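If you're wondering where the values come from, they're calculated on a predicted model, not measured in any experiment.
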Amino acid sequence: MSSLWAHSPAPGRTQWHSLAEHLRSTAELARRFTVSFGGGDVAYWLGALHDVGKASCAWQDKLAAVAPTGGPVGIDHKSLGTRAAYDRGLGGFAGAIFGHHGGLIDTPKACFRSCGCRRRSRRGGDR
């Protein structure tokens with residue numbers, strides 16, 4: 001099996017960044033940043049799972065194709081990690097993985113506009 005990559009070389013460089021190393025180092029860094037307030041274990045697993053979707057064949061193939069230009073891969077890689085985190089009991093924290101590139105969608109607005117639900121406005125009335 002060939003190696004899995006997280007990032008192609010920066011311009012003027014030749015070294016690729018392995019996916020396994022990226023996930024490990026991100027997990028450890030996240031743990032160090034959050035251990036002081038009791039978030040170390042959750043942060044570790046969020047870091048370890050945040051880019052697991054990059055292991056897909058489609059993502060790896062596209063990374064190789066765009067590497068010479070430095071262009072974006074443009075294939076979702078965050079949904080798999082979000083699902084894995086949620087399935088492993090990280091609950092709402094799993095959303096941090098989904099939002100790690102580009103932020104989160106405004107789900108209350110998305111839901112209420114599309115499903116016909118009603119919610120109270122800030123002025124106290126229903127909308």
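Nearest heavy atoms, Lys62 versus Ile75: CB-CD1, 3.7 Å. Taking each heavy atom of Ala6 and Trp59 in turn, the nearest pair found is O-CH2, 3.4 Å. When every heavy atom of Ser3 is checked against every heavy atom of Trp5, the shortest pair comes out as CB-CZ2, 3.5 Å.
Leu19 is not connected to Val73 by any chain of hydrophobic side-chain contacts under 4.5 Å among Ile, Leu, Val, Met, Phe, Trp and Tyr, and they are in different clusters. Clustering ILVMFWY residues whenever any of their side-chain heavy atoms sit less than 4.5 angstrom apart, transitively, puts Leu80 in a cluster other than the one holding Leu63.
Side-chain contact check for His100 versus His77: some heavy-atom pair is nearer than 4.5 Å.
For the atom pair OG (Ser8) and CH2 (Trp16), the distance works out to 5.0 Å, reported to the nearest 0.5 Å. If you take CG on Leu4 and NE2 on His17, they are separated by 13.0 Å, rounding to the nearest 0.5 Å.
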- [ ] Begin with the C-alpha distance, continue with both residues' side-chain angles, and end with the deciding distance and a verdict on side-chain contact (heavy atoms from CB on, under 4.5 Å) for His50 and Lys78.
- [x] CA-CA 6 Å; His50 84 284; Lys78 57 191 179 179; over 6 Å; no
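Checked by atom type and distance alone, the side chain of Thr26 never pairs as donor or acceptor with a backbone atom of Leu23 at under 3.5 Å. Of the possible polar contacts, none joining the Arg13 side chain to the Pro9 backbone as a donor-acceptor pair under 3.5 Å is found.
Counting only residues at least two apart or on different chains, the salt bridge (charged side-chain N to carboxylate O under 4.0 Å, His left out) pairs with a member in residues 48-60 are Asp51-Lys54.
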Atom pairs and distances, donor-acceptor, side-chain atoms in residues 39-49, under 3.5 Å, two or more places apart:
none

